Amino acid sequence: MAPSDVYDCADGPLMIVAGNDAHWASLCDLMGREDLKAHPDFAEARGRVANVARVDEIVGGWAAAMTRE
């Protein structure tokens, strides 16, 4: 499952998990990254797990500028 990690937000750590493709699509919408929903490396869970370092970089970069709220 990816993403599934604790990411550092501006005001502390937050667990972010996308347990399925629908959750991933919702997270992409929140991040303003609709392009990732259809990206061949990220559209399905299998691809996100295979590219977990890139997923963590994307989600972590977004989370760093956000508050936990």
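No experiment lies behind these values; they were computed from the predicted model shown.
Here the side chains of Cys9 and Glu69 are not in contact, with every heavy-atom distance at 4.5 Å or above. Counting heavy atoms from C-beta on, the side chains of Met31 and Leu36 come closer than 4.5 Å. A heavy-atom distance below 4.5 Å is not found between the side chains of Pro3 and Val17.
The heavy-atom pair separating Phe42 from Trp24 by the smallest distance is O-NE1, 3.2 Å. Of all heavy-atom pairs spanning Val49 and Met1, the tightest one is CG2-N, 3.5 Å. Arg48 and Asp21 make their closest contact through NH2-OD1, 2.9 Å (heavy atoms, listed as atom of the first residue, atom of the second, distance).
Evaluation of the ring-ring contact (aromatic ring centres under 6.0 Å, His included) rule for His23 yields no partner, not counting sequence neighbours. For the ring-ring contact (aromatic ring centres under 6.0 Å, His included) test, no residue two or more places apart in sequence or in another chain qualifies with Tyr7. By the side-chain hydrogen bond (donor to acceptor under 3.5 Å, both in side chains) test, Arg54 is found to be paired with Asp41, Asn51, residues two or more places apart in sequence or in another chain being considered.
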Taking it one step at a time, do Leu14 and Val6 satisfy side chain to side chain contact (heavy atoms under 4.5 Å, CB included)? CA-CA 5 Å; Leu14 177 70; Val6 176; over 6 Å; no
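In the hydrophobic clustering of this structure, Trp62 groups with Val55; members are Ile, Leu, Val, Met, Phe, Trp, Tyr whose side-chain heavy atoms approach within less than 4.5 Å, directly or through other members.
Asp35 CG to Cys28 SG: the interatomic distance, rounded to the nearest 0.5 Å, is 7.5 Å.
The pair Lys37-Asp29 meets the salt-bridge criterion, with a side-chain N (NZ, NE, NH1 or NH2) lying under 4.0 Å from an Asp/Glu carboxylate O.
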